[in-house]
*Asks:* 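So that we are looking at the same thing, I have put the structure below in structure tokens.
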2 protein chains.
Amino acid sequence: MRDSNVRLEHMLSKLKRQHFRITPQRLCVVKILAAGKGHPSAEEIYAQVKKDFPTTSLATVYKTINLLKEMGEILELGFSHDSSRYDGSNPHPHPHLICMRCKRIVDFEAPALTGMARDISRKTGYEIVNHRLDFFGICPECREEKQSG
Amino acid sequence: MRDSNVRLEHMLSKLKRQHFRITPQRLCVVKILAAGKGHPSAEEIYAQVKKDFPTTSLATVYKTINLLKEMGEILELGFSHDSSRYDGSNPHPHPHLICMRCKRIVDFEAPALTGMARDISRKTGYEIVNHRLDFFGICPECREEKQSG
DNA sequence: CTTCATGCAAAACATTTGCAGCTGG
DNA sequence: CCAGCTGCAAATGTTTTGCATGAAG
């Protein structure tokens, strides 16, 4: 709650500073992402926004998501088959643990990665600007269900 | 060359063993993937196959790719915005280094990852079955071009 | 007031699917 | 022969775009 309010204020002031308008729909999308509850898809955000603003369109949701993405305020977790999921709580690259069954995504930290990036840069001459690490598996809850059902 | 012939024979015998037909188009796709030259997209494979079999369709290429994917013989590197790229030389998960400018992809090894997966499994109770690590950056060649052009 | 955002519908794009006809084993 | 493959075209699912209308600042 604490952190998410900080993130919300941060995103809003950044938008204002860059002279983007804070419309009710946009505010709603930003709130959902800043709250950092889970890793919603565009459709999930859309469904949430429609509760308050029933006329909202999915296109508007995508436009706001892209705005925040370009500002570096949210992390897009894109998948080639499923739709993208968004992480608004921590826009810096960090590993994710993805349940292949229920699609839940959880964050975790791996400080070793930045060192690894530096290593690779030195060895290959690449300038590393970003990275992504996903672990795919079955979460404890889904493992339970698997055994019984 | 040596390794790629071994991979080709391996893939072909696996296909035969499972009673899949080795059609000329299919053979051609398998050859390209087994050769392990780069990380082609479906379109690139398609363009290559059409040189020998001009009537080939993209759908057929996708069907063969999916077949090999299901058999665990190739690795799909899916991206949400760009099209997927395929790694036929080493179907076991391994990190990739991706140039954001020229889109070239190079493989590398990171033995630390399997240990990391075990760690996560122990800490979170997840059963880890797969992972993916990509580093995004600019390759030495593209860095050169950047400075001049 | 003016510019930017919205909402709709259509487009874009990669990938998959249904199906009639062909062909490898 | 005939199950399985091919090639076409149409469908799919996600995301983007063009444009007329509407509202934020």
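Note that the structure is predicted; figures quoted are calculated from it, not measured. Just so you know, these numbers use all the heavy atoms, side chains as well, and skip hydrogens, waters and symmetry mates. By convention in this document, chain letters (A, B, ...) are assigned in the order of the sequence lines, proteins followed by strands, and residues within each chain are numbered from 1.
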*Asks:* How does each nucleotide of nucleotides 17-25 of chain C score, in 5' to 3' order, for protein heavy atoms under 4.0 Å: base (B), sugar-phosphate only (S), or none (-)?
*Replies:* BB----BBS
*Asks:* Check the phosphate of C/dG7 against A/T60, side-chain N and O only, distance under 4.0 Å to OP1 or OP2. Yes or no?
*Replies:*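 Checking C/dG7 against A/T60, a side-chain N or O does come within under 4.0 Å of OP1 or OP2.
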*Asks:* How close or far is atom P of D/dT6 from atom NZ of B/K50, stated in whole angstroms?
*Replies:*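 One finds 16 Å between P of D/dT6 and NZ of B/K50, rounded.
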*Asks:* Which whole-number value in Å describes the distance from A/F53 CZ to D/dA23 C1'?
*Replies:*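 Interatomic distance, CZ of A/F53 to C1' of D/dA23: 13 Å.
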*Asks:* Answer yes or no: does a side-chain N or O of B/Q25 lie under 4.0 Å from OP1 or OP2 of D/dG7?
*Replies:*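 True: B/Q25 side-chain N/O within range (under 4.0 Å) of D/dG7 OP1/OP2.
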*Asks:* Please determine if a side-chain N or O atom of B/N66 lies less than 4.0 Å away from the OP1 or OP2 oxygen of C/dT15.
*Replies:*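 For B/N66, the contact criterion (side-chain N or O under 4.0 Å from OP1 or OP2 of C/dT15) is not met.
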*Asks:* Residues from residues 73-88 of chain A sitting under 4.0 Å of DNA chain D, heavy atoms only?
*Replies:*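 Residues of residues 73-88 of chain A that come under 4.0 Å of DNA chain D are, in numerical order, A/S83, A/S84.
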*Asks:* How long is the line joining CG of B/L67 and P of C/dT15, in whole Å?
*Replies:*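 Those two atoms, CG and P, are 17 Å apart.
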*Asks:* Going by atom types only, do B/K63 and B/N66 share a side-chain donor-acceptor pair under 3.5 Å?
*Replies:*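 No - no donor-acceptor pair under 3.5 Å links their side chains.
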*Asks:* How are the rings of B/F135 and A/H131 set to each other: parallel, tilted or perpendicular (split at 30° and 60°)?
*Replies:*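 Aromatic pair B/F135/A/H131 classed tilted.
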*Asks:* Check whether any side-chain nitrogen or oxygen of A/R26 sits under 4.0 Å from OP1 or OP2 of C/dT6, and answer yes or no.
*Replies:*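 Indeed, a polar side-chain atom of A/R26 lies that close.
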*Asks:* Indicate whether the side chain of B/T56 and that of B/Q25 have a donor and an acceptor atom separated by less than 3.5 Å.
*Replies:*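 Not at all, the side chains of B/T56 and B/Q25 share no donor-acceptor pair under 3.5 Å.
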